[in-house]
Amino acid sequence: MFLKVQLNWNVVIPAENLDIKGLMLQKAILVRLLDDFSAKKATKDLGYLLAVTTLDKIGEGKVREHSGDVLFPVSFTCLSFKVFRGEVIEGVVHKILKHGVFMRCGPIENLYLSNQKMTDYHYQIAENPCFLNGKTGSRIEKDVTLRCVVIGVKYMEAQKEFQAVVGLEGDYLGPI
């Protein structure tokens, strides 16, 4: 799910980047904010940080004593992406194993669908392995888009990314 979030961060501008003209200073603050924002990647509470949409306010700068750098409090709005338990999402299969499939959904690289959570599908050993539904004939194979429900979500602090377990139990879930 996409979220619109209001954030307050501190942006540090090195002394050598300061200029007498205010417009260049505002540009330096914005560039530094975007650099810091892109390095952040994701947080447990907000999900994946996607884009800064508006720069709402730049506060008064405070000079750091030892370095001469200036710290500016900045208020901005951004767009983030986070999946929640019970949410129905669409993902693209990128890896098929005997015990399940791995999918991608937006910035999330590791969505796992276990073979135990797709009850009517059975693994087929072939040149291109897949899961086949005997009743409907539908196939889950590489590059197929699946609609599924999120069962659980885990945030990996070290990698700054999310992993999720999904299932096909429910109406209108499966290959699209």
Side-chain angles (χ1 to χ4, degrees), residues 1-97 100-114 117 142-167 176:
M1 173 181 300
F2 292 100
L3 305 170
K4 187 177 179 182
V5 184
Q6 177 84 31
L7 293 175
N8 297 309
W9 282 7
N10 291 321
V11 175
V12 177
I13 302 296
E16 57 268 8
N17 290 5
L18 296 174
D19 191 14
I20 296 170
K21 299 176 183 136
L23 190 60
M24 294 306 286
L25 179 61
Q26 190 172 14
K27 180 181 176 186
I29 292 169
L30 182 60
V31 167
R32 185 59 183 240
L33 172 65
L34 293 174
D35 286 345
D36 293 349
F37 186 83
S38 65
K40 191 79 170 166
K41 189 175 177 181
T43 67
K44 185 175 184 177
D45 297 330
L46 302 175
Y48 288 93
L49 301 174
L50 301 178
V52 174
T53 54
T54 59
L55 179 59
D56 301 323
K57 181 183 172 194
I58 299 174
E60 190 174 320
K62 295 181 179 115
V63 178
R64 291 185 165 176
E65 287 183 30
H66 300 292
S67 64
D69 298 345
V70 182
L71 183 130
F72 291 92
V74 175
S75 175
F76 64 97
T77 306
C78 71
L79 192 65
S80 69
F81 179 81
K82 185 175 181 184
V83 293
F84 296 96
R85 187 170 190 245
E87 182 178 3
V88 174
I89 60 173
E90 292 179 2
V92 178
V93 176
H94 69 90
K95 191 173 189 181
I96 297 183
L97 304 169
V101 298
F102 284 96
M103 300 183 295
R104 293 185 180 108
C105 175
I108 301 177
E109 294 284 325
N110 294 314
L111 293 171
Y112 178 67
L113 173 61
S114 171
K117 294 296 179 183
K142 190 174 180 180
D143 296 327
V144 166
T145 301
L146 286 177
R147 184 176 295 129
C148 49
V149 64
V150 178
I151 297 170
V153 180
K154 181 179 181 182
Y155 180 65
M156 308 299 287
E157 186 71 44
Q159 295 87 8
K160 293 194 182 309
E161 62 183 37
F162 287 87
Q163 295 179 340
V165 177
V166 297
I176 298 175

Legend entry - Distance-minimising heavy-atom pair for Ala42 and Phe162: CB-CE1, 4.3 Å

In residues 61-77, what donor-acceptor pairs under 3.5 Å come from side-chain atoms, sequence neighbours left out?
{"unit_1": "Ser67", "atom_1": "OG", "unit_2": "Asp69", "atom_2": "N", "d": "3.2"}
{"unit_1": "Ser67", "atom_1": "OG", "unit_2": "Asp69", "atom_2": "OD2", "d": "3.4"}
{"unit_1": "Asp69", "atom_1": "OD1", "unit_2": "Ala15", "atom_2": "N", "d": "3.2"}
{"unit_1": "Ser75", "atom_1": "OG", "unit_2": "Gln6", "atom_2": "NE2", "d": "2.6"}
{"unit_1": "Ser75", "atom_1": "OG", "unit_2": "Asn8", "atom_2": "OD1", "d": "3.2"}
{"unit_1": "Thr77", "atom_1": "OG1", "unit_2": "Gln6", "atom_2": "OE1", "d": "3.3"}
{"unit_1": "Thr77", "atom_1": "OG1", "unit_2": "Thr54", "atom_2": "OG1", "d": "3.2"}
{"unit_1": "Thr77", "atom_1": "OG1", "unit_2": "Asp56", "atom_2": "OD2", "d": "2.9"}

Legend entry - Gap between atom CG of Leu33 and atom CG of Asn10 - 0.5 Å precision: 11.0 Å

Inset, instruction - Report yes if the side chains of Leu7 and Cys78 come closer than 4.5 Å at any heavy-atom pair, otherwise no. - result: yes

Legend entry - Nearest-0.5 Å distance, CD of residue Gln26 to CD1 of residue Ile58: 4.5 Å

Legend entry - With Lys95 via side-chain contact (heavy atoms from CB on, under 4.5 Å) - residues at least two apart: Leu97, Phe102

Inset, instruction - May I ask you to test the Pro107-Leu50 pair for a side-chain heavy-atom distance under 4.5 Å? - result: yes

Legend entry - Sequence-distant partners of Glu60, side-chain contact (heavy atoms from CB on, under 4.5 Å), two or more places apart: none

Legend entry - Met1 side chain near Phe84 side chain, heavy-atom distance below 4.5 Å: yes

Legend entry - Nearest atoms (heavy-atom pairs only) where Cys148 meets Gly167: CB-O, 3.3 Å

Legend entry - Any pair counted as salt bridge (Lys or Arg N to Asp or Glu O under 4.0 Å), so long as it reaches residues 32-50, sequence neighbours left out: Arg32-Asp36, Lys41-Glu161

Inset, instruction - Just jot down the ring-ring contact (aromatic ring centres under 6.0 Å, His included) partners of Phe2, sequence neighbours excluded, or say none. - result: Phe81

Inset, instruction - Measure across Lys160 and Tyr48 and return the closest heavy-atom pair with its distance rounded to 0.1 Å. - result: O-CE2, 4.2 Å

Legend entry - Minimum heavy-atom distance Gly91-Cys105, with the two atoms named: CA-CB, 4.3 Å

Legend entry - Pairs flagged by salt bridge (Lys or Arg N to Asp or Glu O under 4.0 Å) wherever residues 78-92 is involved - sequence neighbours left out: Glu90-Arg147

Legend entry - Any side-chain heavy-atom pair of Leu111 and Leu113 under 4.5 Å: no

Legend entry - Reference residue Met103; test side chain to side chain contact (heavy atoms under 4.5 Å, CB included); the match among Leu146, Asn110, Val92, Ile89: Leu146

